[in-house]
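All chains are named by letter (A, B, ...) in the order of the sequence lines, taking the proteins before the strands, and each is independently numbered beginning at 1. What you are looking at is a predicted structure, and each value in this text was computed from that prediction instead of being measured.
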Amino acid sequence: MRSAASPARLAILAALAVGVAAAPGSGVAQAASAPTSTKDTLIVAGAVNQGTLDPHFAITTQEVLFTRNIHNALVKFKPNTIELEPDLATAWTVSKDGLEYTFKLRRDVEWQKGYGHFTAADVKASFDRLLDPATKSPFAGSLRMLKEAQVVDDYTVKLLLKEPYAGLLYLLTPYRAGPIVNARAAREKGAGFAWDPVGTGPYVFESRIPNREAVMRANEKYFGGAPPIKKVVFKTVTDVNAEVLGLENGEYDLIYTQIREQAVVDRLKRSGFKEALVRRNLPQVLMMNVTVKPFDSLKVRQAIAHAVDRQQLIDLAYSGVGEPWFSPIPKGYPYVTESVPRYEHDLPKARQLLAEAGYPQGLEVTMVNYDENKLGGEVLAEQLKPAGITVKLEVLDQPTWLGRLFRNQGIHFAIHCCVRQPDPDIWLSDAFTPTGGALGITKYNLEADLIPARRELDPKKREQLYVEIQRKLMRDLPMIPLMMRPESMVHSSKLQGMPTLEPIWGLDATRLTFN
Amino acid sequence: MRHLSRRLGQIVPTMFGALVLVFLVMRVLPGDPAISLLGTAATPEAVTALRRELGVDRSLPIQFAAYLAGVVRLDLGQSLALRAPVARLVADAVPHTLLLTLGGTLVAVAIGVPLGIAAALRRGTWLDYAASTGALLGVSVPVFVWGLLLLLAFSLHWRVFPTAGAGTTPAAALRALVLPAIATGFFLAGVVSRITRASVLSMLGQDYARTARAKGLAERVVVGRHVLRNALIPILTVIGLNIGTLLSGAVVAETVFTRPGIGRLALEAILARDYPVIQGVVLISSFAVLLLNLLIDLLYGLADPRVRAT
């Protein structure tokens, strides 16, 4: 009977396909042999792909997880603080006019992969590469105040600015414009540099299977000493449930994705896993476009602020993890003050303000959030209802949301958040100047107030300026600070050294060990 | 032969149409690769720089012409989000999805056909009702639910199969295939069992079946040699039609089981607005679906010589 041959053929095809999938030369066989989680191998599972390890293009926390450990910068953050400490620079001085930063460099630094000894010329070449329009780095703009980098001698480099910028050192940390890359390697490798980076850091990039995994191994010649964990493997696991199952099954040591359901985190903790709550100075704010109705009315914005119950929002939408926050500069940044006009939860006052604003019968507004803030939006909508504000909710995926924001297509009221280097100017400029982009929902222009503050080098005077700015922002209320939100990561109990504060994305892998 | 060449001739315009459609649809969506990659770090300046770097600042006709010129040279371009050649990404993913589709089909046939035959032969008995209920469950429970249940039972509780990956040796590849194949196969098993039951039932009442019985053939032979063979045509049709569905099930299964494959590649490319990858995936999958349907057509010929004659 001929039809009987069909299953047999299918079986042969299946066997062939297995053979193809596992044959040398196919993607699977190219994989580094599946590393097991030993004491010196850390396997991290994350939901988002790494797209590039060129630090002048690396954006996501998954990418920065690697770039921060492959590349150094002139300065870095002291563990668990926002204080700066030497990295490639050993010391630095700033001229009185704030236009010249002179850095003394380490003399014991070698580039990875045989690219020779590190000198001041490398620092200059790296900044030149970043600022060169031909590089097309998205972060060149953040160093727009940099006129040029000058080599003084082999181990001294000077950064000359066009205008004073008090927050400059924060821009020189291993994030965005800060990392020092080997410009010669970048030139030689061209587009290939994205996945064959050359840095001076504690880890060396080893291999990658796009969409699946990337591996870096310890740099045994690292000037700070070889790190205890010898290999870090990042696995792309898009489904968070699969990450959880893999962690429970011992396939991963660390879930580098926020688990939304607290019940799952609690279950994992009961099974002996640990939760690391890492503060990234990440605020959650409610932004309103002050140029469109009804948000152009201060009283409407105040009414909304009085209708918000921060603790309830944290409990219902963020599993109780977070801290109510009332100031426009994120907690943990320098110059933060809580001595600003506060808008406590007060529904009668919210209704009264709404009536005074000309909406005695209430009003209807549309809140457009990206998927991550869906639940937060739902809770806020319920909170605003008794104040007479009906919120129509729209939820989009983040690229669509950002696309609509950039095209000015109706994103006027939304929950938003972001991580920035902890200098108030970086966050406030992104949120309240026309160059702000992804944070520029409010169309409230603070540039005139920010200019003197970013140029002021005296910390005391600078603090006064930022205190004034914070009060002004809370008076004019283009944005309602909601909460500070730590990042939760669940990991094997054997993994030690998880940070409590990381002001930028990624993790410092040199501080991690297995007990 | 003429049938075959006509079917082959349809492949190119169909693929071209799919390509034009996906090219336009992706570009109508708000958010472009630069914005998607930059996320909350996007500033107008950074978006402009990255758009230039990725080459998506050129006009649509120029982008499309450049893409088509590449396709003709069998160059599918570079992934914007992963910074790797699309051909390599697709070539890397295809064997895994093929394997999963094949595994799913085998599971569906292995469960669906015997279940359908048994239900038809024991029509109206508890076995028939049980098979119908099973088929309903198979059709209505989503792949991700089966996936998670299977993972919970066989990966976490009994630790027989891995939770993720596709294995690096043939044995490990087979082990990693079992759960995803079952999860995707259940849906098709439900469909196959229902169509098998219906098909076998209708064939059992045909004249030739009665004649075979009248000849004194045993019921086993009547069913095995005559009824089943004729009932196979609609079953093959259903399997062929559902290969597309199986592929879409692969998107879910590949995500739940963290399997590399064309579905997961496509899903992530859509979320990242990674145009070249999406186009590459559509091109290859439409080609695969068309080819598989053609194969099913040819299989009809094996099952029923009358099809070959026409």
Side-chain angles (χ1 to χ4, degrees), chain A residues 1-3 5-7 10 13-14 17-22 26-29 31 33-34 49 51-52 59-60 136-141 191 194-195 210-212 235 237-239 241-242 245-246 248-249 251 397-404 406-407 409 416-418 430 435-439, chain B residues 29-32 35-47 49-50 52-53 79 81-84 89 92 95-96 98-99 102-103 105-106 109 148 151 155-156 159 162-170 173-174 225 228-229 232 255-258 260 264-265 268 271 273 299 302-303:
Chain A
M1 184 173 148
R2 254 183 248 147
S3 57
S6 298
L10 287 173
L13 274 172
V18 173
V20 169
S26 83
V28 183
S33 56
N49 263 305
T52 175
I59 292 151
T60 64
K136 301 165 193 159
S137 165
F139 305 130
W195 283 99
N211 230 8
R212 257 182 278 172
K235 300 257 187 194
V237 183
T238 33
D239 184 48
N241 298 312
L245 290 172
E248 289 184 283
N249 213 18
E251 290 162 47
D397 70 322
Q398 201 188 51
T400 307
W401 187 89
L402 286 167
R404 277 183 53 181
F406 270 74
R407 288 184 199 172
Q409 292 175 336
H416 205 9
C417 70
C418 61
D430 275 0
T435 55
L439 296 186
Chain B
L29 281 182
D32 66 15
I35 289 176
S36 163
L37 285 174
L38 284 163
T40 56
T43 61
E45 202 174 18
V47 170
L50 201 57
R52 276 211 333 265
E53 207 258 331
S79 155
L82 296 169
R83 307 206 184 216
L89 292 171
D92 204 28
H96 297 291
L98 269 184
L99 201 58
L102 223 77
T105 312
L106 280 181
V109 171
L148 289 174
L151 277 173
S155 295
L156 220 68
R159 306 200 175 217
T163 63
T168 49
T169 61
L174 268 180
R225 192 173 295 169
L228 253 191
R229 185 162 177 180
L232 215 59
T255 306
V256 172
F257 292 94
T258 321
R264 207 179 117 200
L265 187 68
E268 283 162 28
L271 293 176
R273 307 288 192 267
L299 277 178
L302 291 180

Q) Among Leu50(B), Leu271(B), Thr255(B), which residue forms the greatest number of heavy-atom pairs with chain A at distances under 4.5 Å? A) Thr255(B)

(Q) For the interface with chain B, which of Thr60(A), Asn249(A), Thr435(A), Thr52(A) has the highest count of heavy-atom pairs at distances below 4.5 Å? (A) Asn249(A)

**Q.** N-O pairing of Arg273(B) and Asp397(A) below 4.0 Å
**A.** yes

(Q) Run Asp92(B) and Arg212(A) through side chain to side chain contact (heavy atoms under 4.5 Å, CB included) and show every step you take. (A) CA-CA 11 Å; Asp92(B) 204 28; Arg212(A) 257 182 278 172; 2.5 Å; yes

Q) Side chain, backbone, both or neither: which part of Leu38(B) has a heavy atom under 4.5 Å from chain A? A) both

(Q) Which heavy atom of Pro138(A) sits nearest to which heavy atom of Ala46(B), and what is that distance? (A) O-CB, 3.2 Å

Q. Which heavy atom in Pro260(B) sits nearest to a heavy atom in His96(B), and how many Å separate them?
A. O-CB, 3.0 Å

Q. Taking every heavy-atom pair that is under 4.5 Å apart, which of Trp401(A), Phe139(A), Trp195(A) has the most such pairs with chain B?
A. Trp195(A)

Q.
Between Gly141(A), Cys418(A), Pro210(A), Ala242(A), who has the most heavy-atom pairs with chain B when the cutoff is under 4.5 Å?
A. Pro210(A)

Q: Name the region of Gln398(A), side chain, backbone, both or neither, that has any atom closer than 4.5 Å to a heavy atom of chain B.
A: side chain

Q. When heavy-atom pairs shorter than 4.5 Å are enumerated against chain B, which of Asp239(A), Asn241(A), Asn211(A), Val237(A) gives the highest number?
A. Asn211(A)

**Q.** Nearest heavy atoms of Pro162(B) and Ser155(B), plus distance in Å
**A.** O-OG, 3.4 Å

Q) Out of Thr258(B), Val256(B), Leu151(B), which one pairs with Leu245(A) under the side chain to side chain contact (heavy atoms under 4.5 Å, CB included) rule? A) Leu151(B)

**Q.** Under 4.5 Å from any heavy atom of chain A - which part of Ala164(B)
**A.** both

**Q.** Euclidean distance, Leu156(B) CG relative to Thr163(B) OG1, rounded to 0.5 Å
**A.** 8.0 Å

Q.
Report which part of Glu53(B) has an atom under 4.5 Å of a heavy atom belonging to chain A: side chain, backbone, both, or neither.
A. both

